[in-house]
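Below, chain A is the first sequence line, B the second, and so on; all start at residue 1. Only a predicted model underlies this, so the values are computations on that prediction, with no experimental measurement involved.
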Protein chains: 2
Amino acid sequence: MTKSISSIGQRSTRQRTAVVDSLQRNEDFRSSQEIHDQLRHEGISVGLSTVYRTLQALAEAGEVDVIVRDDGESVYRLCSEHHHHHLVCRRCRTTVELEAPSVETWAHKVAADHGFTDTTHTIEIWGLCPDCTTAD
Amino acid sequence: MTKSISSIGQRSTRQRTAVVDSLQRNEDFRSSQEIHDQLRHEGISVGLSTVYRTLQALAEAGEVDVIVRDDGESVYRLCSEHHHHHLVCRRCRTTVELEAPSVETWAHKVAADHGFTDTTHTIEIWGLCPDCTTAD
DNA sequence: ATAGGTGCAAAGCATTTGCAGCAGC
DNA sequence: GCTGCTGCAAATGCTTTGCACCTAT
């Protein structure tokens with residue numbers, strides 16, 4: 001299970017394990033800095049650059065989902081094995097994972113119709129979750 | 001026609017006119033810096049901060065579309081009067097404006113199903129346009 | 001005349017990078 | 001012991017801000 005995760009790099013280090021562990025214990029998208037902070041609070045000292053480098057490697061290896069928030073900060077989350085999208089609370093960041101075969105199909109069809117190749121897409125839905133709606 | 005554009009701020013200045021003009025003459029998404037560069041090449045001197053401030057104001061007024069690129073840079077484009085999405089060439093930035101009523105519906109429905117309120121969504125499709133595909 | 005706008009330079013942030021030291025293998 | 005990994009600090013790149021000057025009204 002941790003097997004596939006350690007598919008990045010050639011060595012298993014305390015730092016990488018810590019970052020991956022942190023990802024595994026969290027459902028929502030978090031930035032490098034947030035992950036770094038959490039580790040620090042847990043008493044685990046890992047350099048910020050190492051966190052960045054690790055997340056980057058994981059993203060390249062396809063082990064994590066990356067989305068760029070409206071403010072330009074990149075946030076990461078371990079992803080399930082297949083493509084999906086998210087419904088995110090803009091206040092508390094609660095995240096619901098969505099599957100949308102019909103939208104996938106639509107995206108590829110539309111792109112193909114216009115002669116585009118090698119397509120990818122970004123679909124994110126933002127809103128207020130039930131709790132935050134009530135909290136108003 | 002320029003009327004609605006001048007809806008930001010209280011004064012009509014050379015600089016704002018220049019930025020809006022530049023937007024009107026371009027179909028694709030461009031960053032503040034790119035717009036600033038273009039104006040400079042046209043011999044129009046406008047401070048970079050002014051470009052940023054103007055685009056920000058336009059975005060707040062809903063006059064332009066903003067999307068955050070994968071690298072975290074914000075890019076702007078005058079938007080038509082209604083909600084829509086984009087198919088963008090990741091190499092040359094050619095942009096096709098899309099309308100997708102079915103996807104709109106899907107997004108709102110999915111959000112509502114999970115009890116989310118006040119929802120918005122981001123849908124961008126990236127790929128290589130026909131020209132750039134051929135250029136390989 | 002008088003606020004709102006502008007421009008510069010400095011500050012802020014997230015992220016990347018160079019390099020010397022450290023540690024898996 | 002070699003090589004990859006780490007961590008610091010400095011650098012980078014986009015964006016924001018403070019502040020004095022300018023200018024449309």
Side-chain angles (χ1 to χ4, degrees), chain A residues 2-3 5-23 29-61 63-77 93, chain B residues 2-3 5-23 29-61 63-77 93:
Chain A
T2 310
K3 186 83 176 318
I5 298 300
S6 56
S7 66
I8 58 160
Q10 289 110 305
R11 292 178 192 175
S12 159
T13 65
R14 178 179 63 78
Q15 290 88 337
R16 284 183 184 177
T17 305
V19 171
V20 171
D21 249 50
S22 169
L23 287 169
F29 282 96
R30 276 143 66 242
S31 67
S32 300
Q33 316 229 18
E34 287 164 345
I35 291 170
H36 178 250
D37 282 355
Q38 191 208 311
L39 292 175
R40 265 174 57 72
H41 287 137
E42 292 175 358
I44 305 169
S45 166
V46 178
L48 181 55
S49 355
T50 300
V51 175
Y52 273 104
R53 280 189 281 231
T54 303
L55 288 171
Q56 215 169 254
L58 287 167
E60 247 162 58
E63 308 269 8
V64 296
D65 266 347
V66 194
I67 66 182
V68 180
R69 261 190 333 223
D70 295 25
D71 64 355
E73 195 169 6
S74 300
V75 287
Y76 305 82
R77 199 191 121 155
R93 302 248 189 99
Chain B
T2 309
K3 185 84 176 315
I5 297 300
S6 56
S7 65
I8 58 161
Q10 289 111 308
R11 293 182 192 173
S12 158
T13 65
R14 179 179 61 78
Q15 292 88 334
R16 286 185 180 174
T17 305
V19 171
V20 172
D21 249 49
S22 170
L23 286 169
F29 282 97
R30 275 139 70 242
S31 68
S32 300
Q33 316 227 18
E34 287 164 345
I35 291 170
H36 179 251
D37 282 354
Q38 189 207 312
L39 292 174
R40 266 177 54 73
H41 287 137
E42 290 175 0
I44 304 168
S45 167
V46 178
L48 181 55
S49 356
T50 300
V51 176
Y52 273 103
R53 280 188 280 233
T54 303
L55 289 170
Q56 217 169 252
L58 287 168
E60 248 161 59
E63 308 270 9
V64 296
D65 266 347
V66 194
I67 64 180
V68 181
R69 262 192 329 225
D70 295 25
D71 63 355
E73 194 169 5
S74 300
V75 287
Y76 305 82
R77 201 192 120 154
R93 306 248 186 94

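- Checked against D:dT6, D:dG18, D:dT25, the side chain of B:R53 finds its nearest nucleotide in D:dG18.
- Within the structure, every side-chain polar atom (N or O) of B:T13 is placed at least 4.0 Å from both OP1 and OP2 of C:dG4.
- As a whole-Å value, the separation of A:D37 CG from C:dC13 C1' is 14 Å.
- Atom CZ of B:R69 is separated from atom P of D:dG13 by 14 Å (rounded to the nearest Å).
- One atom, CG of B:D71, and another, P of C:dA14, lie 16 Å apart when rounded to the nearest Å.
- Taken to the nearest 0.5 Å, the CD atom of A:Q38 stands 10.0 Å off from the CG atom of A:D21.
- Between B:S74 and D:dC14, a side-chain N or O to OP1/OP2 separation shorter than 4.0 Å is absent.
- For B:S12, the side-chain atoms get nearest to D:dT25 when compared with the rest of D:dT15, D:dT25, D:dG7.
- In this structure, CD in A:Q15 is found 11.0 Å from OG in A:S49, a value given to the nearest 0.5 Å.
- Spacing between atom CZ of B:R30 and atom C1' of D:dC14 amounts to 17 Å, rounded to whole angstrom units.
- Rounding to the nearest 0.5 angstrom, the gap separating the CD1 atom in A:I8 from the CD atom in A:E63 is 7.5 Å.
- Side-chain N/O atoms of B:T50 include one lying less than 4.0 angstrom from OP1 or OP2 on C:dG7.
- The side chain of B:R11 lies closest to D:dA24 when the candidates are C:dA23, D:dA24, C:dC8.
- The distance from atom CD1 of A:I35 to atom P of C:dA14 is 14 Å, rounded to the nearest whole Å.
- Within the 4.0 Å cut-off from OP1 or OP2 of D:dT16, not a single side-chain nitrogen or oxygen of B:Y52 is found.
- Of the residues listed (A:T54, A:L48, A:L55), the one engaging A:Y52 in a side chain to side chain contact (heavy atoms under 4.5 Å, CB included) is A:L48, and it is the only one.
- Here the straight-line distance linking atom CZ of B:R69 with atom OG of B:S74 works out to 9.0 Å at 0.5 Å rounding.
- Looking at heavy-atom distances under 4.0 Å, A:T54 makes no contact with the nucleic acid at all.
- Side-chain to base pairing of B:S49 with C:dC8: one donor and one acceptor N or O lie within less than 3.5 Å of each other.
- Under 4.0 angstrom from either OP1 or OP2 of C:dC22 there lies no side-chain N or O belonging to A:R14.
- In this structure, A:E73 places its CD atom 12 Å from P of C:dC13, rounding to the nearest Å.
- When rounded to the nearest whole Å, the span between CG of B:L48 and P of D:dG13 equals 14 Å.
- The interatomic distance linking A:Q33 (CD) with C:dT15 (C1') rounds to 8 Å, in whole Å.
- Of the candidates C:dG5, D:dT6, C:dA14, the closest approach to any side-chain atom of A:Q15 belongs to D:dT6.
- With hydrogens and angles left out, the side-chain atoms of B:R30 and B:S22 include a donor and acceptor closer than 3.5 Å.
- Applying the 4.0 Å criterion to OP1 and OP2 of D:dT15, one finds that B:Q56 has every side-chain N and O outside that range.
- Here the nucleotide nearest the side chain of B:R16, chosen from D:dG7, D:dC5, C:dG5, is C:dG5.
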